[in-house]
Amino acid sequence: MAFTALAGIVQLVLAVRPVAMLQGGRVLLAVSALSALWASMKSMPKREFSREFSHPNFTVTVKVGDLFSVNSDLIVGFTDVFDTSVSDGDIISPKSVQAQFLSRVFSGDEGNLNSALDDALRGRRVSFVESDAAKSRGKRKRYPIGTVAVLVRQSVRYYCVAYSRMSNNLSAQSSVDNLWNCLNGTWASVSEYGHLNPVAIPVLGSGLAKVDNLDHESLIKMIILSFVARSREGVVSRKLTVVVHSDDIEYVDLNEVRAFLYSL
């Protein structure tokens, strides 16, 4: 492909320049160098790519960027107690997507976010309530993994999904089974409330509430596979965007992810 393109350039030059201009070893070396450069540029991973599926029609996009800059509804991961406090940094990390959600969507108002979560979770099944003695800090009411609280702010839906368990010593942990179940619960909520609107998701399980036996790349593939499998049963959303944070790009082979997406 690279040499073919360069051959076209050579033919164009021949139309306006003497043949002698293209003779000699230097020209051959230049063509070879340009060919290698072209091939290298073509092999560089794209920072955004998509695949359109049919029967039914939907699109999956993977991009490097900022989740909160995507023009769509958003999926935000929470623990099973739906903690929101970032004040000391030991319950919710200030660097987490949850902290950004609090800051950028609720202007840092924890009380407002807690009220919105309480309203969305009212009537939902509670799996267990920790005692004050057992869990002295953070929220104590536990919801089943996969529970989704749907919040609406300025016409944008935020699917707050419980995908990890917060231990009583404030350590969040998830698993492959938990992540798969939470994804299924999320797609069900998006299908029910989303009106087929586009939706974006971060790489769940890659932060502090990590799935230890899956790396970033495997987590992205898992999210894509889950969405495509669910969409084959019925359209969830016309477009899913999986957003990879720029700080995590070194852990992901985007060419491999693209190949996986196109293999489905």
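The structure presented is a predicted model; accordingly, all values stated were derived computationally and were not measured.
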Query raised in the report: Hey, any chance V244 and M222 share a hydrophobic cluster, counting ILVMFWY side chains that come within less than 4.5 Å of each other, even indirectly?
Result: yes
Report summary line: To the nearest 0.5 Å, atom OG1 of T241 lies from atom CG of L67 at 9.5 Å
Query raised in the report: Can you name the side chain to side chain donor-acceptor pair (under 3.5 Å) partners of N57, sequence neighbours left out?
Result: none
Query raised in the report: Tell me, do T84 and L117 make a side-chain contact under 4.5 Å, heavy atoms counted?
Result: yes
Query raised in the report: What is the distance from atom NZ of K63 to atom CG of L254, rounded to the nearest 0.5 Å?
Result: 13.0 Å
Query raised in the report: So, for M166 and A172, which heavy atoms are closest and what is the spacing to 0.1 Å?
Result: SD-N, 4.1 Å
Report task. Would you please name every residue forming a side chain to side chain contact (heavy atoms under 4.5 Å, CB included) with L264, sequence neighbours left out? Result -> R51, F53, I224, L225, V228, F260
Query raised in the report: With a 4.5 Å heavy-atom cut-off, do V242 and T61 have their side chains touching?
Result: no
Query raised in the report: With no hydrogens and no angle check, is any side-chain donor or acceptor of Q98 less than 3.5 Å from a backbone partner on D83?
Result: yes
Report summary line: For S85 and I91, the nearest pair of non-hydrogen atoms, with its separation, is O-CB, 3.6 Å
Query raised in the report: How close do V64 and S246 get, heavy atom to heavy atom, and via which atoms?
Result: CG1-CA, 3.8 Å
Query raised in the report: For the hydrophobic clusters of this structure (ILVMFWY residues joined by side-chain heavy atoms under 4.5 Å, transitively), does one cluster hold both L196 and V152?
Result: no
Report task. Check whether any side-chain N or O of S136 sits under 3.5 Å from a backbone N or O of A133 as a donor-acceptor pair, and report yes or no. Result -> no
Query raised in the report: Between E217 (side chain) and D253 (backbone), is there a donor-acceptor pair under 3.5 Å?
Result: yes
Query raised in the report: Going by distance alone, is a donor N or O of one side chain under 3.5 Å from an acceptor N or O of the other, for S226 and W187?
Result: yes
Query raised in the report: Ring centres of F227 and F58 under 6.0 Å apart?
Result: yes
**Report entry** Any donor-acceptor N or O pair under 3.5 Å, side chains D118, S115
**Finding:** no
Report task. Indicate yes or no for a side-chain donor-acceptor contact from S54 to the backbone of P56 under 3.5 Å, with no hydrogens or angles considered. Result -> no
**Report entry** salt bridge (charged side-chain N to carboxylate O under 4.0 Å, His left out) contacts touching residues 144-171 (sequence neighbours left out)
**Finding:** E130-R165
Query raised in the report: Between atom CG of D73 and atom CG of L151, what is the distance when rounded to the nearest 0.5 Å?
Result: 11.5 Å
Query raised in the report: Short question: side chain of T186, backbone of C182 - any donor-acceptor pair under 3.5 Å?
Result: yes
**Report entry** Close side-chain approach of Y158 to V105, heavy-atom, < 4.5 Å
**Finding:** yes
Query - Same cluster (ILVMFWY, side-chain, under 4.5 Å), I75 and V235 - result: no
**Report entry** Non-neighbouring partners of K139 that pass side chain to side chain donor-acceptor pair (under 3.5 Å), sequence neighbours left out
**Finding:** N114
Report task. Report yes if the side chains of V81 and Y143 come closer than 4.5 Å at any heavy-atom pair, otherwise no. Result -> no
Query raised in the report: Linking I/L/V/M/F/W/Y whenever any side-chain heavy atoms sit under 4.5 Å apart, do I145 and L121 land together?
Result: no
Requested in this report: Would you confirm whether N197, through its side chain, and G194, through its main-chain N or O, come within 3.5 Å as a donor-acceptor pair?
Outcome: yes
Report summary line: Residues passing the side chain to side chain donor-acceptor pair (under 3.5 Å) test with E192, sequence neighbours excluded, are none
Query raised in the report: Is there side-chain contact between E110 and V86, with at least one heavy-atom pair below 4.5 Å?
Result: yes
**Report entry** ILVMFWY cluster, F82 and F128 together (side-chain gap under 4.5 Å)
**Finding:** no
Query raised in the report: Hey, is the main chain of E48 close enough, under 3.5 Å, to the side chain of K46 for a donor-acceptor pair?
Result: no
Query raised in the report: In Å, rounded to the nearest 0.5 Å, how long is the span from CD1 of I223 to CG of L183?
Result: 6.0 Å
Requested in this report: For S167, enumerate each residue passing the side chain to side chain donor-acceptor pair (under 3.5 Å) test, keeping only those at least two apart in sequence or located in another chain.
Outcome: N169
Query raised in the report: Are V243 and D66 side-chain neighbours, meaning at least one heavy-atom pair lies under 4.5 Å?
Result: no
Query raised in the report: Is the shortest heavy-atom distance from the side chain of V199 to the side chain of L74 under 4.5 Å?
Result: no
Requested in this report: Verify, without hydrogens or angle tests, whether S127 (side chain) and R142 (backbone) share a donor-acceptor contact under 3.5 angstrom.
Outcome: yes
Query raised in the report: Which word best sums up how the rings of F78 and F101 line up, parallel for under 30°, tilted for 30 to 60°, or perpendicular for over 60°?
Result: perpendicular
Query raised in the report: Quick one: does S69's side chain get under 4.5 Å of R104's, heavy atoms only?
Result: yes
Query raised in the report: Should the pair Y251 and H216 be assigned to parallel (<30°), tilted (30 to 60°) or perpendicular (>60°) ring geometry?
Result: parallel
Report task. Look only at the side chain of S237 and the backbone of K239, and say whether a donor-acceptor pair between them is shorter than 3.5 Å. Result -> yes
**Report entry** Closest contact, heavy atoms only, Y193 versus V150
**Finding:** CD1-CG2, 3.8 Å
Query raised in the report: What is the distance from atom CD of E256 to atom CZ of R258, rounded to the nearest 0.5 Å?
Result: 12.0 Å
Requested in this report: Could you grab the distance from atom CD of Q173 to atom CG of N178, nearest 0.5 Å is fine?
Outcome: 9.5 Å
Report task. Could you tell me whether the side chains of S164 and S174 share a donor-acceptor contact shorter than 3.5 Å? Result -> no
Query raised in the report: If every non-hydrogen atom of S218 is compared with every non-hydrogen atom of L214, which pair is closest and at what distance?
Result: CB-CD2, 3.9 Å
Query raised in the report: If you look at every heavy atom in I220 and V257, which pair is closest and at what distance?
Result: CG2-CG1, 3.9 Å
